[in-house]
There are 2 protein chains.
Amino acid sequence: MESLEQKHISMIAEAQRRGRGDAGGIRLCFEVLALASAIDRSCALRLAPHRLSEGKFVLLCLLHDRSEGLAPHELSTRAGVTRATVTGLLDGLERDGYVSRQAHREDRRKILVTLTPSGQVLADALFDEHSQWIASLFNEFEPEDRKTLSNLLARVRHNLAEGKHTDTPSAEGA
Amino acid sequence: MESLEQKHISMIAEAQRRGRGDAGGIRLCFEVLALASAIDRSCALRLAPHRLSEGKFVLLCLLHDRSEGLAPHELSTRAGVTRATVTGLLDGLERDGYVSRQAHREDRRKILVTLTPSGQVLADALFDEHSQWIASLFNEFEPEDRKTLSNLLARVRHNLAEGKHTDTPSAEGA
DNA sequence: TGATTATAGTAAGGCACCTAATCATAAGGT
DNA sequence: ACCTTATGATTAGGTGCCTTACTATAATCA
């Protein structure tokens, strides 16, 4: 597995060609991004045999042990995506037999989404498996290591938030 | 700015509800993913005034100072995307006047892509600005901090690669 | 009561990625 | 020379996200 994606390698080569000073900081950022992409890809590979994407998986988990169901707008809020996106994801999950939609009892605008029995079984198994896999990414990390990593990430996040307010890019160069 | 995305918050809540042991490791993973997403979103915001996505921006940089041009398959290799994707990105860049396509001199299957003058100006300005912004994410990071972060990321990456080979998920629970 | 505002779920269209297929061209083999 | 294989760019279609718009319904206001 590579520490950088190809596009990043190309961009760093270009930065060095232009004599940019801090290729090291740029490289570090790209390492974060590449690791996240690699985790996402691995996640997708693990879910694909069940015909699930990450987004669908999240919906399955949200619906787990909710026999009374959830409405699509509730799913969208908790999953952090738009209602329109939920509609598409539910279409796929319904097609694959994992969820079902019913009319809401009291509000005719609403529907309720519930897991089918096979959806429930799948959510049970996959959640456990997925959680263990994610946790395994930090195997042999001492509490000190975890704390250090979390602090470093927080510092980057802070710098990112700073940059958003004080160094707004302008379109005047275009 | 939040340290976790909404879907992650929901998943951690679910893990805790199920009494999963290592919510801390899961949380740390989600912090990495959330930071990467936040960087991506910020990058997209910085590029949007120029009607550029990250993918288009990468192509602009690859074409910078290459007056002889590059063929789409070369762009696809260096950007790490498929040729089909490059076709679409180039369509947009050509429409916006940043690149032009010409027939290749020697191979009639090929075309050559070059930056237009306005594309060149834009690539000049944006690359510098973008590089500085990325580097600024690591402002005040001492060399020791950078080394630590890089090492920690490498350890996660190593665990990820391990998991890919020894803990292959099965579809038998579906 | 009727008008206005808000909410719910979906449709339509766009974007950026993918895969597979297609047509044209080039290279290699017999 | 002809056939086979390989390569290049694009097309077609799919997915998952977005925004906007739409229709139906509910809530609020005068």
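So that the names make sense, note that chain A is the first sequence line, chain B the second, and so on, each numbered from 1. Not measured: the values here are computed from a predicted model.
- For A/L89 and B/L90, each mapped to the nucleotide of DNA chain D holding its nearest heavy atom, the one lying further toward the 5' end belongs to B/L90.
- Distances shorter than 4.0 Å separate none of the side-chain N or O atoms of B/K110 from OP1 or OP2 on D/dA9.
- Whole-Å rounding puts the B/D91 CG to D/dA12 P distance at 12 Å.
- Within the 3.5 Å criterion, the main-chain N or O of B/F138 finds a donor-acceptor partner in the side chain of B/R146.
- One N or O donor and one acceptor, one from the side chain of B/R83 and one from the base of D/dG8, sit under 3.5 Å apart.
- For the OP1/OP2 pair of D/dA27 and a distance below 4.0 Å, the side-chain nitrogens and oxygens of A/R108 include no atom meeting the criterion.
- A salt bridge links B/R41 to B/E5: at least one charged side-chain nitrogen sits closer than 4.0 Å to a carboxylate oxygen.
- Here B/T82 lies in heavy-atom contact (under 4.0 Å) with a base.
- Atom CG in A/L70 sits roughly 13 Å away from atom P in C/dA8 (whole-Å rounding).
- Atom CG in A/D40 sits roughly 11 Å away from atom P in D/dC17 (whole-Å rounding).
- The shortest distance between the side-chain N/O atoms of A/S53 and the OP1/OP2 oxygens of D/dT15 is not below 4.0 Å.
- One can place CD of B/E74 at 13 Å from C1' of D/dT7, the figure rounded to the nearest angstrom.
- Counting non-hydrogen atoms under 4.0 angstrom, B/A84 reaches a base of the nucleic acid.
- The nearest whole Å value for the distance from the CD atom in A/E106 to the P atom in D/dA24 is 23 Å.
- Atom-to-atom, CG of B/L75 to P of D/dG8 comes out at 12 Å; the value is rounded to the nearest Å.
- As a whole-Å value, the separation of B/R41 CZ from D/dC18 P is 10 Å.
- Between B/T85 and the phosphate of C/dA16, there is no side-chain N or O to OP1/OP2 separation shorter than 4.0 Å.
- A donor-acceptor pair under 3.5 Å is absent between the side-chain atoms of B/R155 and the main chain of A/L137, judged by distance alone.
- Looking at B/R109, its side chain comes within 3.5 Å of the base of D/dT7 through a donor and an acceptor atom.
- Here B/R51 lies out of heavy-atom contact (under 4.0 Å) with every strand.
- Contact check, B/R95 against C/dG14: no side-chain N or O comes under 4.0 Å of OP1 or OP2.
- At a threshold of 4.0 angstrom between heavy atoms, the contacts of B/D107 are confined to the sugar-phosphate backbone, with no base atom among them.
- Between the side chain of A/H104 and the main chain of A/E106, a donor-acceptor pair closer than 3.5 Å is present.
- The closest side-chain donor-acceptor pair between B/S76 and B/E74, if any, does not fall under 3.5 angstrom.
- Regarding contacts with the backbone of C/dG9, a side-chain N or O of A/H73 is found under 4.0 angstrom from either OP1 or OP2.
- As a whole-Å value, the separation of A/L93 CG from D/dG16 C1' is 12 Å.
- Taking the six-membered ring for Trp and the full ring otherwise, the centers of A/F127 and A/H64 sit at least 6.0 Å from each other.
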